[in-house]
Number of protein chains: 2
Amino acid sequence: MKDKATIKKAGYKITGPRQLVLDFLKSGEHYTAKEIYEGLEKTLGLTTVYRTLEILTELGIVETIALTDGSLRYEYVLGKKHHHHLVCTGCGDICELDGCAIKDLEEKVAKQTAYVISGHALELYGLCPRCQKK
Amino acid sequence: MKDKATIKKAGYKITGPRQLVLDFLKSGEHYTAKEIYEGLEKTLGLTTVYRTLEILTELGIVETIALTDGSLRYEYVLGKKHHHHLVCTGCGDICELDGCAIKDLEEKVAKQTAYVISGHALELYGLCPRCQKK
DNA sequence: ACTGTAAGTGAAAAATATTTTCATTTAGCA
DNA sequence: TGCTAAATGAAAATATTTTTCACTTACAGT
Ligand SMILES: [Zn+2]
Ligand SMILES: [Zn+2]
Ligand SMILES: [Zn+2]
Ligand SMILES: [Zn+2]
């Protein structure tokens, strides 16, 4: 329920469509906007899916994963430990990888470049066992 | 010239449009397909830019950088050492970061998951000194 | 509970991005 | 030089995301 409190605190309303998207994302996978829209059987507009994802991302409830094929996927991250992903280039399957050692790099780069680092993205790409056989 | 030999060896022809794209990318920045098209003053079709980038990527001459805003940028990497990027979320500026410590992680993950790892993407995001002032 | 109102919604349109189609052109080999 | 498969580009198709705007709704204040 932390998510709804966060949404309220930011001055946004708790609406039906927003709860639908939240619940859908909480199932734990990494979805595209279209998959969310279709998974919810068009009980809301695709426009609203995009707008909701924008807000949830801004509030840190959802994170965006940009893949090298140009697609964007969204993940509900509240209560999850920071992690990265392993993506199968054959079937698109996404595994979560525990742990992250990028924080040190962030600090080093911050000092070197005078950038204020806000985050990072790391994905590994490969072929899953099943796709290796094909 | 390694690039043209690679293209030939793969059975593709060396054409005017392909040389234009190669030369444009060699200037060293990280461009979108549209920037390449417009930078070349429409002396070739946008379709050809996309097709050429696809081939160059397949041959490892060019690499794709997927940003969390959904955009794709392309970089000529032949002769460059493997590296990652620091992206300013304010102005879009991209710095190159030397070195990479992800190879170890790749091996660890390969063992853990039985995936065959083909590569990885790592980008840091932040605000450049100039954008911090705004 | 009722009401007012600013925020949210969704259909449609617009804008943007990428891929496909297909008639024409061209690189590179015999 | 001529042949042919590959490449090209204009146009159309498809896909993705944003904007517009009239209507609806959450919820703060009574
Ligand atoms: Zn995840
Ligand atoms: Zn991390
Ligand atoms: Zn680079
Ligand atoms: Zn690396």
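Model, not experiment: these values are computed from the prediction. Just so it is clear: chains get the letters A, B, ... in the order the sequence lines come, proteins before strands, and each one is counted from 1.
Distances from the side chain of T48(A) to the nucleotides dT9(C), dT20(C), dT16(D) place dT9(C) closest. Here the nucleotide nearest the side chain of L72(A), chosen from dA26(D), dT16(D), dT17(D), is dT17(D). When distances are taken from the side chain of T15(B) to each of dG8(C), dA27(C), dG10(C), the shortest belongs to dA27(C). Here the nucleotide nearest the side chain of I14(B), chosen from dC27(D), dG28(C), dG9(D), is dG28(C). Comparing dA7(D), dT20(C), dT19(D) by their nearest atom to the side chain of T47(B) picks out dT20(C). Side chain of K13(B), nearest nucleotide from dA7(C), dA5(D), dT17(D): dA5(D).
Here dA27(C) presents its P atom at 9 Å from CD of Q19(B), a figure rounded to the nearest Å. dA10(D) atom C1' lies 13 Å from atom CG of L44(B), rounded to whole Å. Across the protein-nucleic acid pair, Y31(A) atom OH and dT16(D) atom C1' stand 20 Å apart, rounded to whole Å. Atom CD1 in I7(B) sits roughly 15 Å away from atom C1' in dG28(C) (whole-Å rounding). In this entry the distance linking CZ of R51(B) with C1' of dG9(D) reads 7 Å, nearest Å. Taking atom CG of residue L46(B) and atom P of nucleotide dA10(D), one finds them 11 Å apart after rounding to whole Å. What separates CG of L22(A) from P of dG8(C) is a distance of 14 Å, to the nearest Å. Going from atom OH of Y37(B) over to atom C1' of dT18(C) covers 14 Å, rounded to whole Å.
Results of the side-chain hydrogen bond (donor to acceptor under 3.5 Å, both in side chains) test with E96(B) over H84(B), H30(B), K81(B) single out H30(B) as the only residue that passes.
The side chain of Y50(A) contributes an N or O atom lying less than 4.0 Å from OP1 or OP2 of dT17(D). In this structure, R18(B) reaches the dA7(D) phosphate: one of its side-chain N or O atoms is under 4.0 Å from OP1 or OP2.
S71(A) comes within contact range of no nucleotide atom at all, as no heavy-atom separation falls under 4.0 Å. Across all strands, K8(A) comes closer than 4.0 Å only to sugar-phosphate atoms, never to a base (heavy-atom distances). Within 4.0 Å (heavy atoms only), T43(A) reaches sugar-phosphate atoms of the nucleic acid but no base atom.
Under the 3.5 Å distance criterion, with hydrogens and angles disregarded, a donor-acceptor pair is assigned to the side chains of H83(A) and E75(A).
When the shell of 6.0 Å around CD of E54(A) is examined, it contains 12 or fewer heavy atoms from other residues, nucleotides or ligands.
S71(B) places no side-chain N or O within 3.5 Å of a backbone atom of L67(B) that could act as its donor or acceptor partner.
A salt bridge links D3(B) with K26(B): at least one charged nitrogen is closer than 4.0 Å to a carboxylate oxygen.
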